[in-house]
Undergrad: 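For reference, the structure I am asking about is given below.
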Amino acid sequence: MRYKSPMAQIGFTATATRQWLKLSPQVRERIGKKLDAFAATGHGDVKKLKGQSGAQLRVGDWRVIFYQEAETIVVVAVGRRREIYD
């Protein structure tokens, strides 16, 4: 699953795609807007992960775990804060 943003492309792993499709349309839209904004500007509520490579994008109680590879943001996981780090 891919969609293009002005600056960077956003790609999803198979696991992240399954998690994404389980979300409600309202949550997907909310997270999608933040992800697009980050891809376009490089700004957002993003922190590097401790103890592993990658970063997290925070959207309320939701988290998007990703890493950047050249011009692509690869989303590894999407879920609630309390469940995402298991």
Side-chain angles (χ1 to χ4, degrees):
M1 176 178 203
R2 279 182 186 258
Y3 57 98
K4 190 168 174 77
S5 291
M7 293 294 287
Q9 285 192 348
I10 301 171
F12 288 76
T13 62
T15 302
T17 301
R18 281 193 302 275
Q19 293 169 338
W20 180 259
L21 294 174
K22 287 180 185 176
L23 300 175
S24 71
Q26 296 90 348
V27 171
R28 271 200 305 249
E29 183 179 348
R30 188 171 159 211
I31 293 172
K33 284 181 182 178
K34 294 283 187 176
L35 203 51
D36 283 340
F38 176 72
T41 65
H43 298 291
D45 194 352
V46 175
K47 292 182 181 175
K48 289 185 82 66
L49 294 176
K50 293 180 182 174
Q52 55 185 329
S53 62
Q56 71 166 14
L57 173 66
R58 184 177 152 244
V59 184
D61 278 347
W62 298 91
R63 300 293 184 271
V64 178
I65 308 297
F66 69 92
Y67 62 90
Q68 200 145 4
E69 189 175 86
E71 292 295 315
T72 304
I73 294 170
V74 181
V75 177
V76 178
V78 181
R80 286 200 177 273
R81 174 177 59 99
R82 65 179 176 266
E83 301 160 353
I84 198 77
Y85 301 107
D86 293 340

Undergrad: Nearest 0.5 angstrom please: K22 NZ to Q19 CD, how far?
TA: 7.5 Å
Undergrad: From L57 CG over to D45 CG, what is the distance, rounded to the nearest 0.5 angstrom?
TA: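 Between L57 CG and D45 CG, I get 7.0 Å after rounding to 0.5 Å.
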Undergrad: Looking only at heavy atoms, what is the nearest atom pair of V46 and A55, with distance?
TA: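 Heavy atoms only, the tightest pair is CG1-CB, 3.9 Å.
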Undergrad: Under 3.5 Å, side chain of R28 to main-chain N/O of L21, donor-acceptor pair present?
TA: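 Judged by distance alone, yes, a pair lies under 3.5 Å.
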Undergrad: Going from CD on Q68 to OG on S53, what distance comes out if it is rounded to the nearest 0.5 angstrom?
TA: 12.5 Å
Undergrad: Using every non-hydrogen atom in the two residues, find where A16 and A77 come nearest and quote the distance to one decimal.
TA: CB-N, 4.0 Å
Undergrad: Is any side-chain heavy atom of R81 closer than 4.5 Å to one of W62?
TA: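 No. Closest side-chain heavy atoms not under 4.5 Å.
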Undergrad: Just so I know, are the side chains of T15 and R18 near enough to count as touching, which here means a heavy-atom distance under 4.5 Å?
TA: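 Contact flag for T15/R18 side chains = yes.
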Undergrad: Out of curiosity, T13 OG1 to Y67 OH, how far, rounded to the nearest 0.5 Å?
TA: 8.0 Å
Undergrad: Measuring only between side-chain heavy atoms, which start at C-beta, is R63 closer than 4.5 Å to R58?
TA: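 In short, these two side chains touch, coming nearer than 4.5 Å.
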Undergrad: Has E69 got more than 12 heavy atoms of other residues, nucleotides or ligands less than 6.0 Å from its CD?
TA: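 Atom CD in E69 is not packed in, count stays at 12 or less.
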Undergrad: Please report the interatomic distance CD1(I65) to CD1(I84), rounded to the nearest 0.5 Å.
TA: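 Reported value, rounded in 0.5 Å steps: 5.5 Å.
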Undergrad: Report the distance from atom CG of D36 to atom CD1 of I31, rounding to the nearest 0.5 Å.
TA: 12.0 Å
Undergrad: Any idea which heavy atoms bring I10 and A39 closest together, and the distance?
TA: CD1-CB, 3.8 Å
Undergrad: If you define the side chain from C-beta out and look only at heavy atoms, does anything of F38 sit under 4.5 Å from V64?
TA: no
Undergrad: Check Q56 against F66 and note the closest heavy-atom contact, atom names and distance.
TA: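 Taking every non-hydrogen atom into account, C-CE2, 4.0 Å.
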